[in-house]
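Worth knowing before you read on, the calculation uses all heavy atoms, side chains too, and leaves out hydrogens, waters and symmetry mates.
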Amino acid sequence: MEITKERIKALLQDLLPLVDLDSDFLFAELDSLGVTAILMTLSKEYGIDLEAQDATPKNFKNLDALVELVKSKM
């Protein structure tokens, strides 16, 4: 399964319609529920284990950072 910025954006758009997923300050736009939803969605989609300690401003900076996080867990 390919891990792309476009795929992750498509997964998250329906989940978080009010969040600007193209932001370079993605973490600042999310509440705890949004962060949890992203962790759960990416874990399920890619069959990886993402945990609360993965929810850092660095890992959630933008979509590119989320792609790198997923790749690092595979």
Quick one: side-chain hydrogen bond (donor to acceptor under 3.5 Å, both in side chains) partners of Ser43, sequence neighbours excluded?
none
What pairs meet the salt bridge (Lys or Arg N to Asp or Glu O under 4.0 Å) rule with one or both residues in residues 40-52, with sequence neighbours excluded?
Arg7-Glu45
Compile the donor-acceptor pairs under 3.5 Å between side chains in residues 63-74 and protein atoms, sequence neighbours left out, one pair per line.
| from | atom 1 | to | atom 2 | distance (Å) |
| --- | --- | --- | --- | --- |
| Ser72 | OG | Leu69 | O | 2.7 |
| Lys73 | NZ | Asp54 | OD1 | 3.1 |
| Lys73 | NZ | Asp54 | OD2 | 3.4 |

Less than 3.5 Å apart, which donor and acceptor atoms pair up between the side chains of residues 32-42 and the rest of the protein, not counting sequence neighbours?
| from | atom 1 | to | atom 2 | distance (Å) |
| --- | --- | --- | --- | --- |
| Thr36 | OG1 | Ser32 | O | 2.8 |
| Thr41 | OG1 | Ala37 | O | 2.8 |

Could you list all the salt bridge (Lys or Arg N to Asp or Glu O under 4.0 Å) pairs where at least one residue sits in residues 16-43, not counting sequence neighbours?
Lys9-Asp22
Give the minimum heavy-atom separation between Tyr46 and Ile8, together with the two atoms involved.
OH-CG1, 3.8 Å
Quick check for you: to the nearest 0.5 Å, what is the distance between Asn59 atom CG and Leu26 atom CG?
11.5 Å
Leu30 with Phe25, same ILVMFWY side-chain cluster at under 4.5 Å:
no
